[in-house]
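Just so you know, these numbers use all the heavy atoms, side chains as well, and skip hydrogens, waters and symmetry mates. Order of appearance sets the numbers: ligands from 1, and atoms from 1 within every ligand.
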Amino acid sequence: MVTVIKAERRSSVLTPSNLACLSRMPTINLTAGCALGCVYCYTLGYTSYPGEDKIIVYVNTLEKLRDELARKQTRPRAVYFSPSCDLFQPVPEVLRLGYQVLEFLLSEGIGVAFLTKGRIPDNTMNLLWKHAGMVRAQVGITTLDEEMAGLFEPSAERPSVRLEQIARLIAGGIATEARLDPVLPGLTDSHESLGRLFSALAGVGVSRAAASVLFLRPRIQESLKQNIRDEAVLQELLSFYHDARRLAIRAEHSFITTLPLAARTEIYKRIGLMAQQHSIVLSVCACKNPDLARGTCNIAGGWPRRSRRGRQLALFGEGR
Ligand code: SF4
């Protein structure tokens, strides 16, 4: 049971992300903390993290957003949801606020991009369909094994529901990709597991996917030890990190503990081959794998840049 705390947001609604691939697009978090409670969540160590089973909903988000946009000379082309929480958490206040914010942005001609493991309510799905050309979606899914997904993502939707959701998004004309993040070494990267997943993804019309292998930080490791009650599963996973390396990632002054380069390369190669067999183009998250990937994993989808007076405008930063 999640405790929902309502609070007024004092800082800006539109905020830049630390991640290099989102550096040109403003982002919005409707909450601090996330009711989906994934045990590997990278926000666990953030100072804004309110604690387990607790979220803070910023109830004045819409008013502040209206005000911020009214003061901008150049509006963003699109906004990303969310670097630190899921837009579709199973909490009525969050879903209501999410609908209002999406409706406002889309009515103002501002596109929206999101990554979710939650369930998109029907009214929001209708809204997204209505503005399909202005929406980019990524659905997080790493395995079809419901038990495994339940262990690591206890309050996220079941993989079968996420697949259905991908199918509905694509059927409504929305550019939708799958995100295998985090791939759990030894647990979700077997030939059989990947084969089932990619076959299902291809079956619902996915043509692009992105992947990134689990990384650790002290708070994430603590969470895994506290929450993964199946000792065999936990030990199998952690055994891959015995010779883990510290790596500077493409997020301001940020370090992670991750598998050695050779081990990650081998995993991405296998995932890439499986994706290829199902005619799916795979990108590796370059922000979290700067030692082996370049460019972007398309986390916010592709957005053509606007051009005015012969110069290219950035998606974020001008007229702020
Ligand atoms: S959905 Fe994302 S932000 Fe929410 S708990 Fe899971 S990993 Fe964290």
Task: Side-chain heavy-atom pair Leu69, Pro76 within 4.5 angstrom cut-off - done: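 Sidechains of Pro76 and Leu69: in contact.
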TODO: Please lay out, stage by stage, how Glu153 and Arg162 fare under the test salt bridge (charged side-chain N to carboxylate O under 4.0 Å, His left out).
DONE: CA-CA 13 Å; Glu153 300 159 347; Arg162 293 184 227 174; 2.7 Å; yes
Open item on the list: Looking only at the aromatic ring of each residue, does the gap between the centers of Phe215 and Tyr40 stay below 6.0 angstrom?
Closed with: no
TODO: Please list, chain by chain and in numerical order, all residues satisfying side chain to side chain donor-acceptor pair (under 3.5 Å) with Ser223, sequence neighbours excluded.
DONE: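 For Ser223, the residues satisfying side chain to side chain donor-acceptor pair (under 3.5 Å) (neighbours in sequence not counted) are Asn227.
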- [ ] Mind running side chain to side chain contact (heavy atoms under 4.5 Å, CB included) on Met148 and Val233 for me, showing each step along the way?
- [x] CA-CA 9 Å; Met148 191 63 76; Val233 167; 4.2 Å; yes
TODO: Anything protein N/O/S under 2.8 Å from atom 4 (Fe) of ligand 1? Just list residue and atom, please.
DONE: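 The answer, once waters are left aside, is Cys34 SG.
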Task: Exercise: do Thr61 and Arg9 side chains pair donor with acceptor under 3.5 Å - done: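 Judged by distance alone, the side chains do pair up.
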